[in-house]
Novice: 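Below are the structure tokens for one structure; questions will follow.
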Amino acid sequence: MPELPEVETTRRGIEPHLQGRRISRVVVRHPMLRWPIPADLPQLLSGQRIEQIERRGKYLLLPFREAGRAQGTLLLHLGMSGSLRIVAAGSAAAKHDHLDIEVDSGQALRLHDPRRFGAALWQPGAAGEHELLADLGPEPLTEAFDGRYLWERARGRSAPVKTFLMDSHIVVGVGNIYANEALFSAGIRPDRAAGRIALARYERLVDEIKRVLARSIKQGGTTLRDFVGGDGKPGYFQQQLLVYGRGGEPCRQCGAVLIDVRIGQRSTVYCPHCQR
DNA sequence: CCCAAGACCTGGCGGC
DNA sequence: TGCCGCCAGGTCTTGG
């Protein structure tokens, strides 16, 4: 369940176990993810010291430096079904445990991904140079992401605003759940053409995106312990969703029946009364 | 350039 | 219980 808050929660959960540790061994069990895990990844990583874990959109980044210079970066993406856990190095692997990165504490970072839409890639130098990251939009929780930016990017666009929002080249980290939720909170119909929404409404929308993401990250803190402990419960933010997964049920705001449609091949729920 | 649809892959669920 | 179709948190690629 990797939306941005989940990825950020994962980052916070694993970083304390890995920071300052030296990689002792890398085990690749199934290299065919979205792209193949590079065959030389074990050699590239072995002996490296992990300094920190960064996040860009839904990517987790482990940059490695040598004498202060960026030497290379491990890129991890969880796709639709990926998760990362801290486990004891060498512990029995389950089905779909594709990659272990063992460190000198006796622990290991384990990538589990049934659908294999995730990725583990190596980028020489800084991660930003990787073509998958080079053209990403701004982080949603920064000041660079504001109503005017979104409004400007939307000029002349006829695609539904929901599809527009979920395009990582426009803004990173807004997945299907939070696109639905933020549009509801902002009172905007998801099928409205992105280019036909006023600046003021985009300002409201940006506020709601930031609010819902921040709130979810905050609650991820609770999920976090389960995550690292290996329990991996479904996100507990789920209980607070206003529209996602609630098609046919009453709107929590006005009681109208929530509409369930598909936009851009993704399930979309909205309130026909509250959202215009 | 923009947009919609297809593609990747496995597992869980409801219906028959 | 078994089989079938549909659905799922992402996003790159393709074709118009």
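Labels below follow one simple rule: chain letters A, B, ... track the order of the sequence lines, proteins then strands, and each chain is numbered from 1.
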Novice: At their closest point, which heavy atom of A:Arg246 faces which heavy atom of A:Leu241, and how far apart are they?
Specialist: CD-O, 3.6 Å

Novice: What integer number of Å spans the P atoms of B:dC9 and C:dC3?
Specialist: 23 Å

Novice: What is the distance, rounded to the nearest whole Å, between atom CZ of A:Arg115 and atom P of C:dT11?
Specialist: 13 Å

Novice: Heavy atoms under 4.0 Å, any strand shown: does A:Phe164 hit a base, just sugar-phosphate, or nothing?
Specialist: nothing

Novice: Could you check A:Arg266 against A:Trp35 and say which one's nearest nucleotide on DNA chain C is further toward the 5' end?
Specialist: A:Arg266

Novice: Whole angstroms only, please: what is the NZ-C1' distance between A:Lys58 and C:dT11?
Specialist: 9 Å

Novice: Round to the nearest Å and state the distance from A:Glu6 atom CD to C:dA8 atom C1'.
Specialist: 15 Å

Novice: Can you tell me if CZ on A:Arg148 sees more than 12 non-hydrogen neighbours from other groups inside 6.0 Å?
Specialist: no

Novice: Between A:Phe117 and A:Gly264, just flag the one whose closest nucleotide in DNA chain B comes earlier from the 5' side.
Specialist: A:Gly264

Novice: Salt bridge check: are A:Arg29 and A:Asp100 linked by an N-O gap of less than 4.0 Å?
Specialist: yes

Novice: Taking pairing as Watson-Crick or G-U wobble with both contacts under 3.5 Å, can you name the mate of B:dC9, or confirm there isn't one?
Specialist: none

Novice: For the atom pair CD (A:Gln123) and CG (A:Leu44), what is the distance rounded to the nearest 0.5 Å?
Specialist: 11.5 Å

Novice: Categorize A:His169 for me: base, sugar-phosphate, or nothing, with a 4.0 angstrom heavy-atom threshold over every strand shown.
Specialist: sugar-phosphate

Novice: Just the rounded figure in Å: distance from C1' of C:dG10 to CE of A:Met166.
Specialist: 8 Å

Novice: Pick the C1' atom in C:dG9 and in B:dC3, then give their distance to the nearest Å.
Specialist: 23 Å

Novice: Would one find a side-chain N or O of A:His77 under 4.0 angstrom from OP1 or OP2 of C:dT11?
Specialist: yes

Novice: May I ask you to verify if any side-chain N or O of A:Tyr178 is less than 4.0 angstrom from the OP1 or OP2 atom of C:dG9?
Specialist: no

Novice: Rounded to the nearest Å, what distance is computed from the NZ atom of residue A:Lys162 to the C1' atom of nucleotide C:dG9?
Specialist: 12 Å

Novice: Rounded to the Å, how far apart are A:Leu136 CG and C:dG10 P?
Specialist: 14 Å

Novice: Using whole Å, report how far CD of A:Gln265 lies from C1' of C:dG9.
Specialist: 16 Å

Novice: So which one's nearest nucleotide on DNA chain C is more toward 5', A:Ser267 or A:Tyr59?
Specialist: A:Ser267

Novice: Earliest and latest nucleotide of DNA chain B, 5' to 3', sitting under 4.0 Å from a non-hydrogen atom of chain A?
Specialist: B:dC2 to B:dG11

Novice: Using a strict cut-off of less than 4.0 Å between a Lys/Arg side-chain nitrogen and an Asp/Glu carboxylate oxygen, indicate whether A:Arg189 and A:Asp191 qualify as a salt bridge.
Specialist: yes

Novice: When the distance from CG of A:Asp167 to P of C:dC12 is rounded to whole Å, what number comes out?
Specialist: 9 Å

Novice: To the nearest 0.5 angstrom, please state how far the CG atom of A:Leu111 sits from the CD1 atom of A:Ile101.
Specialist: 8.5 Å

Novice: Between atom CD of A:Gln253 and atom CG of A:Leu258, what is the distance when rounded to the nearest 0.5 Å?
Specialist: 10.5 Å

Novice: Please give the nucleotide sitting opposite C:dG9 as a Watson-Crick or G-U wobble pair, both distances under 3.5 Å, or none.
Specialist: none

Novice: Side chain of A:Arg262 only, please: which of C:dC12, C:dG10, C:dA8 is the nearest?
Specialist: C:dA8

Novice: Applying a 4.0 Å non-hydrogen cut-off, can you work out what A:Arg116 is touching in the nucleic acid: base, sugar-phosphate, or nothing?
Specialist: sugar-phosphate

Novice: ring-ring contact (aromatic ring centres under 6.0 Å, His included) with A:Phe184: which residues, sequence neighbours excluded?
Specialist: none

Novice: Identify whether any heavy atom of A:Ser158 sits under 4.0 Å from a base atom; if not, whether one sits that close to sugar-phosphate; answer base, sugar-phosphate or nothing.
Specialist: sugar-phosphate

